[in-house]
Number of protein chains: 2
Amino acid sequence: MPNKKRDNIFRAIADPTRREIFHMLVLASAALSINEIADHFPMSRQAITKHIKILNDVGLIDIVPKGRERYCYADPKPLKEIHDWVMYYEKFWENKLNLLDSYLKEKNKKGN
Amino acid sequence: MPNKKRDNIFRAIADPTRREIFHMLVLASAALSINEIADHFPMSRQAITKHIKILNDVGLIDIVPKGRERYCYADPKPLKEIHDWVMYYEKFWENKLNLLDSYLKEKNKKGN
DNA sequence: TAATTTTGCAACCATATGGTTTCTTTTTTA
DNA sequence: TAAAAAAGAAACCATATGGTTGCAAAATTA
């Protein structure tokens, strides 16, 4: 049973440029237009527009049109999906213990 | 300043098949060989081998060769990178408040 | 109204990605 | 020792991805 929504958000945050756009918007005290965002990146406005569309599709960015501009706002709520996924495994790294460690310890004890 | 290690782990978990392989190994009480893993998926052993290599490269899977087999263990520790990234934004979805919400509220108050 | 600004749309391109198949090597088992 | 099993290596393929450029449309400004 594939979780398309989950897949999409994992994909959305996999790209470093998209994470940077998102981060910029979280830090910004005001909303930023497409051009204002694009100005901070070494690539074309169109490339940024595509990234913004992907972020918007998964709900990480809200867009409010105003005149000829479109103002972008970060919305971190969808990250809860990632949060829930990753927290499931927390106990493992917290313990600093995993199956391999146990295996190697057991192996040493037996001396083979 | 690009964080290559971070980029790689985000990329590694972006693929649903890789997340499933990883999850299978976390749940497994014992280590699993490549073939044992591949048997659970509708694709070829070689495809699975490639996924395992990517997971191994970022440290999410440890591999212990034993005879002609290679046993795989999940190691969730590298997920701390994802955890740290996502936790930065937690306060936002916890608040159920974001810039857009504030903007719209403000807008309503002013009645324009 | 004419020029400028902001954006969208569409075509295009190179490379990355996720998959396949075939063959070889190494190890185990019969 | 011969056959079978596990895995790696390499070539190949279709599509996805991240980028580009050029042009059109809508809104704003001079």
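These values consider heavy atoms only, across backbone and side chains, with no hydrogens, waters or symmetry-generated copies.
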### Task
Could you please spell out the steps behind the side chain to side chain donor-acceptor pair (under 3.5 Å) verdict for A:Tyr89 and B:His23?
CA-CA 9 Å; A:Tyr89 305 107; B:His23 190 65; 2.6 Å; yes
#### Entry: 5'-most by nearest nucleotide on DNA chain C - B:Ile54 or B:Glu69
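On the 5' side of the pair lies B:Ile54.
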### Query
Closer to the 5' end of DNA chain C via nearest nucleotide, is it A:Arg68 or A:Lys50?
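Comparing both residues, the 5'-ward one is A:Arg68.
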In whole angstrom, give the distance that lies between atom [atom1] of [X] and atom [atom2] of [N].
| X | N | atom1 | atom2 | answer |
| --- | --- | --- | --- | --- |
| A:Leu32 | C:dT6 | CG | C1' | 15 Å |
| A:Ile52 | C:dC9 | CD1 | P | 14 Å |
| A:Arg18 | D:dG19 | CZ | C1' | 12 Å |
| B:Gln46 | C:dG19 | CD | P | 13 Å |
| A:Asn8 | D:dT17 | CG | C1' | 14 Å |
| B:Leu55 | C:dT17 | CG | C1' | 15 Å |
| A:Arg11 | C:dT17 | CZ | C1' | 12 Å |
| A:Asp15 | D:dG18 | CG | C1' | 8 Å |

Looking only at side-chain N and O atoms, does [X] come under 4.0 Å of OP1 or OP2 in [N]?
| X | N | result |
| --- | --- | --- |
| A:Ser44 | D:dG19 | no |
| B:Asn35 | D:dA7 | yes |
| B:His51 | C:dG19 | yes |

### Message
Heavy-atom nearest nucleotide on DNA chain D for B:Glu36 versus A:Gly67: which residue maps closer to 5'?
### Response
B:Glu36
#### Entry: Sidechain-backbone polar pair: A:Arg11 side chain, B:Ala14 backbone, donor-acceptor under 3.5 Å
no
Without placing hydrogens or testing angles, list every side-chain donor-acceptor pair under 3.5 Å for residues 49-56 of chain B, not counting sequence neighbours.
from	atom 1	to	atom 2	distance (Å)
B:Thr49	OG1	B:Arg45	O	3.1
B:His51	ND1	B:Arg18	NH1	3.1
B:Lys53	NZ	B:Asp57	OD1	3.4
B:Lys53	NZ	B:Asp57	OD2	3.1
B:Asn56	ND2	B:Ile61	O	2.7

### Query
What residues, two or more places apart in sequence or in another chain, satisfy salt bridge (charged side-chain N to carboxylate O under 4.0 Å, His left out) together with A:Glu81?
A:Arg6
### Query
For the side chain of B:Arg45 and the base of D:dA7, is some donor closer than 3.5 Å to an acceptor across the two?
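Answer yes: a donor N or O sits under 3.5 Å from an acceptor.
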### Considering all heavy atoms, the nearest A:Val58-A:Ala12 contact
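Closest approach of A:Val58 to A:Ala12, heavy atoms only: CG2-CB, 3.8 Å.
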